[in-house]
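Presented below is the structure to which this report refers.
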Amino acid sequence: MAGNPKITFIGAGSTVFMKNIIGDVLQRPALSGATIALMDLNPQRLEESAIVVNKLISTLGVKAKAETYSDQRKALSGADFVVVAFQIGGYEPCTVTDFEVPKKYGLRQTIADTLGVGGIMRGLRTVPHLWKVCEDMLAVCPEAIMLQYVNPMAINTWAISEKYPTIRQVGLCHSVQGTAMELAHDLDIPYEEIRYRAAGINHMAFYLKFEHRQADGSYRNLYPDLLRAYREGRAPKPGWNPRCPNKVRYEMLTRLGYFVTESSEHFAEYTPYFIKEGREDLIEKFGIPLDEYPKRCIEQIERWKGQAEAYRSADKIEVTPSKEYASSIINSVWTGEPSVIYGNVRNNGCITSLPENCAAEVPCLVDASGIQPTFIGDLPPQLTALMRTNINVQELTVQALMTENREHIYHAAMMDPHTAAELDLDQIWSLVDDLLAAHGDWLPEWARTNRKVQAA
């Protein structure tokens, strides 16, 4: 397209994340004159983000310009691309509530932002805000593409496609390319020589193929090497976080024959096998990091204080490319130069063994026509079966939001694999009551008043 794009960032106070995405964007020649509209409700965080963007612009010597807004609709007016990155309720009070209330029932979690009772609650408080973004987009930039980086990704993507089917949207996560890099490292193979194809649902997609390019141009299946490395104790190698040794996923590889794309700490709570009352041996054996997300939040908040100060006083801000997909999507749509990304979209028959309306994570071709998901067909039956256990929870949470029927919140918790493995029905009902009461005004009004649903 001629001219320069307008890219609106909703939740621009996520400064480090925003810096990575905008840094990537501004390094692409076709996008270097973009208007970056930053919107956040926190004036201090918004100001810090504006400082960072302006320093990025001057460091790179580009013609882009930054604007700041506290009004969402004004920020969206005329946007070509909308990047959304916010956490409703923040670490305090909401993440703390998502962990501490279930703990009283003996229900322990690791991340609690995607599935489980924590993921359900996060979905209930997040989706109404995403819907508001959609409403504003329909009013002032109906053709814009929404790049959504918010958890619970699958619930969010599904809920947007149900209520606002005309919004052009994709949910983005970096687990597919991130895990491929980790596995290449585990096998001492350069990432550039790896070829893979993954599909499934967000945080539970699997590499259907994971291969290494040979000198003669052919490809070799790497699954036997990964299994051997795990059995011989050479993999997983230590990663960025010593608390998360990544053994759960390798164990699941030995059982399912495929490697999952999201981390072991996440996967441990999407299934009933690893976190069990009275089985500290499992926690020990697989290195399961209970309460991992609150620890990360605290570390991040601390890190950010120093980072904000450093950005304020720096003349220049170093820009290194990140592994996020946003800039390649924006570049492909804007210039027509094709790229392939992994995106979360309405399934629409891409994965024939999963429901039509669920949110699927599949390879997508991106060009001037937008984001085009590719056809996968049936997944191996054991992978489909495992995904369905998670899709049940997502579907019931979306149903609760669409119909404003509180009973479906209880049903969603009841179907959650980890919750159901630990708690009985009375405990699940009572836990949901307590969570709804504790979240209070963070939830949409229909979900707020605390009442017990009587069994028939």
Side-chain angles (χ1 to χ4, degrees), residues 98-123 151-155 175 200-206 230 244-293 353-355 358 379-397 408-432 434-435:
D98 286 341
F99 275 85
E100 294 307 315
V101 175
K103 244 188 233 174
K104 292 176 188 160
Y105 289 81
L107 185 64
R108 301 168 298 170
Q109 300 171 100
T110 52
I111 308 285
D113 71 349
T114 306
L115 210 73
V117 285
I120 294 165
M121 291 298 140
R122 188 184 273 232
N151 275 322
M153 177 73 64
I155 288 171
S175 60
I201 58 174
N202 182 240
H203 285 196
M204 203 184 266
F206 287 81
Y230 179 53
C244 304
N246 204 21
K247 289 178 185 167
V248 166
R249 293 195 286 175
Y250 271 97
E251 185 63 25
M252 290 306 290
L253 167 63
T254 72
R255 312 288 175 161
L256 297 171
Y258 295 88
F259 204 92
V260 74
T261 54
E262 184 50 77
S263 68
S264 285
E265 56 270 25
H266 273 283
F267 199 82
E269 66 180 8
Y270 300 160
T271 55
Y273 316 121
F274 297 98
I275 306 170
K276 288 177 172 293
E277 185 65 37
R279 293 297 309 272
E280 298 315 297
D281 58 314
L282 292 173
I283 304 293
E284 184 80 11
K285 179 181 176 183
F286 294 108
I288 292 165
L290 296 167
D291 294 333
E292 172 61 21
Y293 189 57
S353 54
L354 295 183
C358 79
L379 295 172
Q382 70 276 28
L383 304 186
T384 295
L386 194 57
M387 286 172 206
R388 281 184 189 147
T389 66
N390 283 220
I391 288 170
N392 291 335
V393 182
Q394 296 160 2
E395 180 164 34
L396 283 159
T397 308
H408 290 325
I409 303 171
Y410 297 82
H411 298 150
M414 201 177 136
M415 298 300 160
D416 178 65
H418 173 44
T419 305
E422 296 284 281
L423 306 184
D424 67 33
L425 288 169
D426 284 342
Q427 289 173 311
I428 292 170
W429 248 247
S430 179
L431 168 56
V432 171
D434 289 356
L435 280 165

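Residue numbers count from 1 along this sequence. Since the structure is predicted, the reported quantities are computational estimates derived from the model, not experimental observations.
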### Task
Might you confirm whether atom CD of Glu284 has over 12 heavy atoms from other residues, nucleotides or ligands at distances under 6.0 Å?
no

## Note on the structure
In short, Val432 meets Ala413 closest at the heavy-atom pair CG2-CB, 3.7 Å

### Polar side chain donor-acceptor pair, Tyr293 to Asp98, under 3.5 angstrom
no

### Query
Is the side chain of Lys104 donor-acceptor paired with the backbone N or O of Glu100 at a distance under 3.5 Å, no angle test?
no

### Message
Between Lys247 and Glu251 (salt bridge meaning N to carboxylate O under 4.0 Å), is one present in this structure?
### Response
no

### Query
Between Tyr230 and Tyr250, is the gap from one ring center to the other below 6.0 Å?
yes

#### Entry: Where Cys358 and Ile391 come nearest, the two heavy atoms and their spacing
SG-CD1, 4.1 Å

### Task
Kindly give the heavy-atom pair with the smallest separation between Arg122 and Asn151, and that separation in Å.
CD-O, 3.3 Å

### Task
Return yes if a side-chain donor-acceptor contact under 3.5 Å exists between Thr110 and Glu265, otherwise no.
no

### Summary
Taken to the nearest 0.5 Å, the spacing of Glu277 CD from Leu107 CG works out to 9.5 Å

### Task
Name the orientation class of the two ring planes belonging to His411 and His408 (parallel below 30°, tilted from 30 to 60°, perpendicular beyond 60°).
tilted

### Query
Nearest 0.5 Å, what's the OH-CG distance between Tyr258 and Leu386?
13.5 Å

### Task
For Gln427 and Asp424, indicate whether the former's side chain and the latter's backbone hold a donor-acceptor pair under 3.5 Å.
yes

### Ser264 side chain vs Arg249 backbone, donor-acceptor pair below 3.5 Å
yes

### Task
Take Met204 and Leu383, measure what side chain to side chain contact (heavy atoms under 4.5 Å, CB included) needs, and give me the verdict at the end.
CA-CA 9 Å; Met204 203 184 266; Leu383 304 186; over 6 Å; no

### Query
Closest heavy-atom contact between Gly119 and Ile155?
O-CD1, 4.2 Å

#### Entry: From CD1 (Ile275) to OG1 (Thr271), nearest 0.5 Å
7.5 Å

### Message
Could you measure the distance from the CG atom of Asn246 to the CZ atom of Phe286? Nearest 0.5 Å is fine.
### Response
12.0 Å

### Shortest non-hydrogen contact between Pro417 and Tyr270, atoms and distance
CG-O, 3.6 Å

#### Entry: side-chain contact (heavy atoms from CB on, under 4.5 Å) partner of Glu269, the single match among Gln109, Glu292, Arg108
Gln109

### Query
Checking side chain to side chain donor-acceptor pair (under 3.5 Å) against His203, which of Asp113, Thr261, Thr114 comes through?
Thr114

#### Entry: For the student: nearest non-hydrogen atoms of Leu282 and Phe274, plus distance
CB-O, 3.6 Å

### Query
What distance do Leu256 atom CG and Phe206 atom CZ have between them, rounded to the nearest 0.5 Å?
5.5 Å

### Task
Please round to the nearest 0.5 Å and tell me the distance separating atom CD of Glu262 and atom CD1 of Ile111.
8.0 Å

